[in-house]
There are 2 protein chains.
Amino acid sequence: MNSQKYSIGQLAKASGCKVETVHYYEKIGLMPEPSRTVGGHRVYALSHIKRLNFIRRSRDLGFKIEQIKDLLKFIDEPDHYCGEVKAMAMQQARVVQEKIDDLQRLQLALNEMVNQCKGSNYSIDDCPIVDALFTNKS
Amino acid sequence: MNSQKYSIGQLAKASGCKVETVHYYEKIGLMPEPSRTVGGHRVYALSHIKRLNFIRRSRDLGFKIEQIKDLLKFIDEPDHYCGEVKAMAMQQARVVQEKIDDLQRLQLALNEMVNQCKGSNYSIDDCPIVDALFTNKS
DNA sequence: CCTTGAACCTATAGTTACTACAGGTTCTAT
DNA sequence: ATAGAACCTGTAGTAACTATAGGTTCAAGG
């Protein structure tokens with residue numbers, strides 16, 4: 001059986017985050033309080049590495065901490081079903097699509113401004129970008 | 001001439017932000033300290049409305065407060081040129097494009113996960129979404 | 001003129017998801 | 001035994017606001 005032990009530094013490295021972040025996840029209850037050495041250093045097992053990877057991957061996908069708590073609840077508690085997880089993933093996909101749409105609108109506006117502008121050494125008083133920023137949205 | 005005066009509430013309403021936000025902008029030096037009534041209430045002129053609109057529009061376009069400070073410096077100080085503003089706008093367009101690219105990658109990953117998942121009442125132990133989240137990136 | 005209630009004032013704490021210290025202790029390798 | 005890396009706790013800082021508390025001023029109606 002695998003009963004390999006890991007220090008917090010090894011755990012952090014394995015999951016690509018900082019030691020302080022692990023402390024933080026423990027404080028907010030995402031990571032459990034692990035056992036300790038006699039001197040007080042945290043000691044982790046492989047399951048902790050998996051759990052931290054789950055958290056980091058979820059964060060990378062844009063899930064918020066509170067959502068990850070929910071996801072972990074599904075996993076930690078018995079009697080939960082795949083459908084609940086799928087629903088959260090779909091909701092997240094919708095949120096991400098909205099962000100993309102927003103940013104694309106924004107990109108359009110920026111590019112329009114930039115294309116209007118001759119740039120170089122014109123006085124700022126004639127800058128169409130400054131103009132656009134000063135003008136009210138209709 | 002236009003010497004209309006505005007309260008902070010009118011200013012905020014005209015620019016679509018909250019009174020507290022105006023306080024905040026004043027505290028961090030984005031908005032100037034305006035004159036006051038005898039009783040201590042802030043009194044604004046039209047130029048303040050324009051400036052606050054500039055700030056809000058820039059924020060909407062994703063500029064950070066520090067960048068807006070730079071933009072306002074260009075405008076407030078003499079001897080600045082349109083090219084400086086254009087360069088910042090172009091830089092901002094690049095940053096936005098990167099964010100869009102990131103989110104689209106993320107969207108792809110989420111949709112793949114969701115499509116793999118049959119959902120409904122399957123046990124969470126067989127959920128391909130949970131699986132994907134537990135698996136290390138290659 | 002007086003009152004009432006909306007709008008204003010200042011100052012401080014809370015939000016999100018960490019990151020960065022400071023000042024001390026433990027572990028590991030030589 | 002000792003040096004130095006890694007660890008410990010606790011607190012403060014980040015960005016850009018938002019929210020609250022507890023008090024004052026303003027404008028309108030009677």
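Naming convention: chains lettered A, B, ... in sequence-line order (proteins, then strands); numbering from 1 in each chain.
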- Query: Using a heavy-atom distance cut-off of less than 4.0 Å, which residues of residues 34-44 of chain A contact DNA chain D?
  - Reply: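 Of all residues in residues 34-44 of chain A, the ones placing a heavy atom under 4.0 Å from DNA chain D are A/R36, A/G40, A/H41, A/R42.
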
Taking N or O atoms only and anything under 3.5 Å, show me the protein contacts with nucleotides 20-23 of chain C, one pair per line.
residue, atom, partner, partner atom, Å
C/dA20, OP2, A/K18, NZ, 3.1

- Measure across B/I68 and B/I55 and return the closest heavy-atom pair with its distance rounded to 0.1 Å.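 Here B/I68 and B/I55 meet closest at CD1-O, 3.8 Å.
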
- Any idea which heavy atoms bring A/R59 and A/K64 closest together, and the distance?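 Where A/R59 meets A/K64 most closely, the heavy atoms are NH1-CA, 4.2 Å.
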
- Note on the structure: Sequence neighbours excluded, the answer for side-chain hydrogen bond (donor to acceptor under 3.5 Å, both in side chains) partners of B/Q92 is none

- Query: Is there a residue in residues 87-102 of chain B whose heavy atoms reach under 4.0 Å of DNA chain C, and which residues are they?
  - Reply: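 Here the set is empty: none.
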
Under 3.5 Å, which protein N or O atoms sit close to an N or O of nucleotides 15-17 of chain C? Give each pair with its distance.
residue, atom, partner, partner atom, Å
C/dA17, O3', A/R59, NH2, 3.4

- For B/K13 and C/dC8, give me the distance from atom NZ to atom C1', rounded to whole Å.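 Checked: the NZ to C1' distance equals 15 Å.
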
- Item | Interatomic distance where CE belongs to A/M31 and C1' belongs to C/dC18 [whole Å] | 16 Å

- Query: Would B/M88 and A/L108 show up in the same hydrophobic cluster when neighbours are defined by side-chain heavy atoms closer than 4.5 Å?
  - Reply: no

- Item | same_hphob_cluster(A/L30, A/I49) at 4.5 Å side-chain heavy-atom cutoff | yes

- Item | Flag side-chain contact, heavy atom, 4.5 Å: A/R105 against A/D101 | yes

- Query: Is there side-chain contact between B/V43 and B/S7, with heavy atoms separated by less than 4.5 Å?
  - Reply: no

- Contact class for B/I28 vs. all strands (heavy atom < 4.0 Å): base, sugar-phosphate, or nothing? nothing

Name all residues meeting the ring-ring contact (aromatic ring centres under 6.0 Å, His included) criterion together with [X]; count only those two or more places apart in sequence or in a different chain, and write none if there are none.
| X | value |
| --- | --- |
| B/Y24 | none |
| B/H48 | B/Y44 |
| A/F63 | none |

- Message: Taking any atom closer than 4.0 angstrom to a non-hydrogen atom of chain A, what span of DNA chain D does the protein reach, first nucleotide to last?
- Response: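 First and last nucleotides in contact are D/dC7 to D/dT9.
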
- Listed by chain and number, what are the side-chain contact (heavy atoms from CB on, under 4.5 Å) partners of B/K86, not counting sequence neighbours?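 If we apply the side-chain contact (heavy atoms from CB on, under 4.5 Å) test to B/K86, skipping adjacent residues, the hits are A/V114, A/C117, A/I129, B/M90.
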
- Query: Do any pairs count as a ring-ring contact (aromatic ring centres under 6.0 Å, His included) and have a residue in residues 91-110 of chain A, sequence neighbours left out, and if so which ones?
  - Reply: none

- Task: Quick one: list whatever passes salt bridge (Lys or Arg N to Asp or Glu O under 4.0 Å) with B/E66, sequence neighbours left out.
- Result: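 Salt bridge (Lys or Arg N to Asp or Glu O under 4.0 Å) check on B/E66 returns B/K69.
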
- DNA chain D: 5'-proximal contact among B/T21 and A/H23 (nearest heavy atom):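 With B/T21 and A/H23 compared, the 5'-side residue is A/H23.
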
- Note on the structure: When B/E26, B/M31, B/R56 are each screened for side-chain contact (heavy atoms from CB on, under 4.5 Å) with B/T21, the one that passes is B/R56

- Task: Indicate yes or no for a side-chain donor-acceptor contact from B/Q107 to the backbone of A/A93 under 3.5 Å, with no hydrogens or angles considered.
- Result: yes

